[in-house]
Amino acid sequence: MSAQTPVISSDLIPAALTPVIEALCAVSVDVAAVIARGPLGQSLGSLVGENTDGDSQKALDVLCDEMFAAELKKTDVRFYASEEQEEVVTLNPNGKYALAIDPLDGSSNIDVNVSIGTIFSIFEAKEGDKESFLRPANEQLAGGYVVYGPQTSLVVTFGNGTLMFVLDPADKTFKLVNDKVMVPATSKEFAINASNYRHWTKPVRAYIADCLAGQEGPRDKDFNMRWVGSLVAETHRILTRGGIFLYPGDSRKGYESGRLRMIYECAPIAFLIEQAGGVATDGADPIMGQQADSLHARIPLVFGSAEKVNRVAAYHDLPEQEVSALFGDRGLFRG
Ligand code: AFP
């Protein structure tokens, strides 16, 4: 790429944030190239350790973290909070922003050639490093992800709609393909890791049981199910053709608040979804009104088409006898 060709350019990116977004995009181009080489390059999926919460770390997790931190250090990013680092790292002591990142989400999919991604969230930096991140999600200046799939796409919001860019392999620049991404209002798809059925709460079991019952159940229509195991891929599908994603809290030890992290997974995804006309909750209340109490805190996440997500919240309001009933006896949502 020539020095004159910016990796991304759009009037819709706020000028003050442009260098940070450019840095994220420049690294993403390199990450996409590393991923595309797969086994022709270094062993990306090999285990190299564990992160703060005991999740296994793959070689690519660590490599991506180093690549993003090194490039963002040259920008106005003061504080850097990464899934791969226990504490906040100071990058540019004079910087104005605090950036949270999951450098490589979905890393269990590295070796099987399925879409993976980078998720990020940007706040204005406060005096304290942790304080810059432990604040309501609706204070985000930007939220977004890059998905490394058949196409490499950047989806980002600055609080004025959701934008979608695609990396053009011909000149290695991100080009705007949709300046007003909207979650389709209707869809017959739901996404949940159904192997956890026995650990779910009654309202979640009741909701899924009614989807599975299809035409014979109270919903009176057939559904389809998807589970990629890669949050960026699920988000991209839902932004494109609607549906609902659930990672609820469950009774497994350590999963009381689900699996996904508030600061660098749920908050930016919720921001993107709400800016695209969808809804994102913890099953009952909006994610955007909430804040983490620690850097790597988890929160249940339910997002997608508004009507579907609001319906899940309604199951949480059902009386005990209704959620415990077999779907055939659950009257409230019939019709
Ligand atoms: P990894 O990055 O460790 O692969 O985790 C991916 C993820 O955080 C998210 O992208 C998926 O939605 C979720 O985990 C899948 O979790 P289960 O393996 O429990 O279904």
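Only a predicted model underlies this, so the values are computations on that prediction, with no experimental measurement involved. In listed order, ligands and their atoms are each counted from 1.
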Novice: Hey, are T173 and D168 close enough side-chain-wise for a donor-acceptor pair under 3.5 Å?
Specialist: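 No, no side-chain donor-acceptor contact under 3.5 Å.
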Novice: Examine L260 against ligand 1 and note whether any of their N/O atoms are separated by less than 3.5 Å.
Specialist: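 No; every N/O pair is 3.5 Å or more apart.
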Novice: For ligand 1, which is the ligand I care about here, please tell me if W227 has any N or O atom under 3.5 Å from one of the ligand's N or O atoms.
Specialist: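 The answer is yes, given that W227 and ligand 1 share an N or O pair closer than 3.5 Å.
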Novice: Under a 3.5 Å cutoff, is there a donor and acceptor pairing between the side chains of Y80 and T90?
Specialist: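 No, T90 and Y80 have no side-chain donor paired with an acceptor closer than 3.5 Å.
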Novice: Tell me if the aromatic rings of F190 and W227 count as close, with their centers under 6.0 Å from one another.
Specialist: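 No, ring centres 6.0 Å or more apart.
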Novice: Is the closest basic N to carboxylate O distance between R135 and E131 below 4.0 Å?
Specialist: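 Not counted as a salt bridge, because no side-chain N and carboxylate O are separated by less than 4.0 Å.
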Novice: Which of the atoms of ligand 1 are close to G229, meaning less than 4.0 Å from one of its heavy atoms?
Specialist: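 Per the distance check, 6 (C), 10 (O), 11 (C).
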Novice: Is ligand 1 under 4.0 Å from a heavy atom in the side chain of S230, in the backbone, in both, or in neither?
Specialist: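 Backbone only; the side chain of S230 stays clear of ligand 1.
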Novice: Which atoms of ligand 1 are found less than 4.0 Å from any heavy atom of N193?
Specialist: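 Within the 4.0 Å cut-off of N193, ligand 1 contributes 17 (P), 19 (O), 20 (O).
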Novice: Which ligand 1 atoms, with their elements, are less than 4.0 angstrom from a heavy-atom of S108?
Specialist: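 Every atom of ligand 1 under 4.0 Å from some heavy atom of S108: 4 (O).
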Novice: Below a 4.0 angstrom heavy-atom separation, can you tell me which part of E234, side chain or backbone, both or neither, approaches ligand 1?
Specialist: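 Neither; nothing of E234 gets under 4.0 Å from ligand 1.
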Novice: Can you check which of R259, R261, R252 brings a heavy atom nearest to atom 16 (O) of ligand 1?
Specialist: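 Selected option, by shortest heavy-atom distance: R259.
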Novice: Which residue and atom name correspond to the protein heavy atom nearest atom 12 (O) of ligand 1, and how close is it?
Specialist: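 Protein heavy atom at minimum distance: L231 N, 3.7 Å.
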Novice: Consider every N or O of G106 and every N or O of ligand 1, then say whether any pair is closer than 3.5 Å.
Specialist: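 Min N/O separation from ligand 1 is below 3.5 Å for G106.
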Novice: In terms of side-chain heavy atoms, does D285 have a donor or acceptor partner in Q290 at a distance below 3.5 Å?
Specialist: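 Q290 and D285 do not have a side-chain donor-acceptor pair below 3.5 Å.
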Novice: Check whether NZ of the Lys or CZ of the Arg R205 lies under 6.0 Å from the centre of the six-membered ring of Y197 and within 45 degrees of that ring's axis.
Specialist: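 That pair qualifies as a cation-pi contact.
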Novice: Is the cationic atom of R252 (NZ for Lys, CZ for Arg) positioned less than 6.0 Å from the six-membered ring centroid of Y255 and within 45 degrees of its normal?
Specialist: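 Pair R252/Y255 counts as cation-pi.
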Novice: For E265, take its heavy atoms, then give the atoms of ligand 1 lying under 4.0 Å from any of them.
Specialist: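 That gives atoms 8 (O) of ligand 1.
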Novice: Could you list which atoms of ligand 1 come closer than 4.0 Å to a heavy atom of Y247?
Specialist: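 Those qualifying, in numeric order: 16 (O), 17 (P), 19 (O), 20 (O).
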Novice: Before giving the answer on side chain to side chain donor-acceptor pair (under 3.5 Å), spell out for S121 and Q140 the whole-Å C-alpha distance, their side-chain angles and the decisive distance to 0.1 Å.
Specialist: CA-CA 7 Å; S121 162; Q140 289 175 98; 2.9 Å; yes
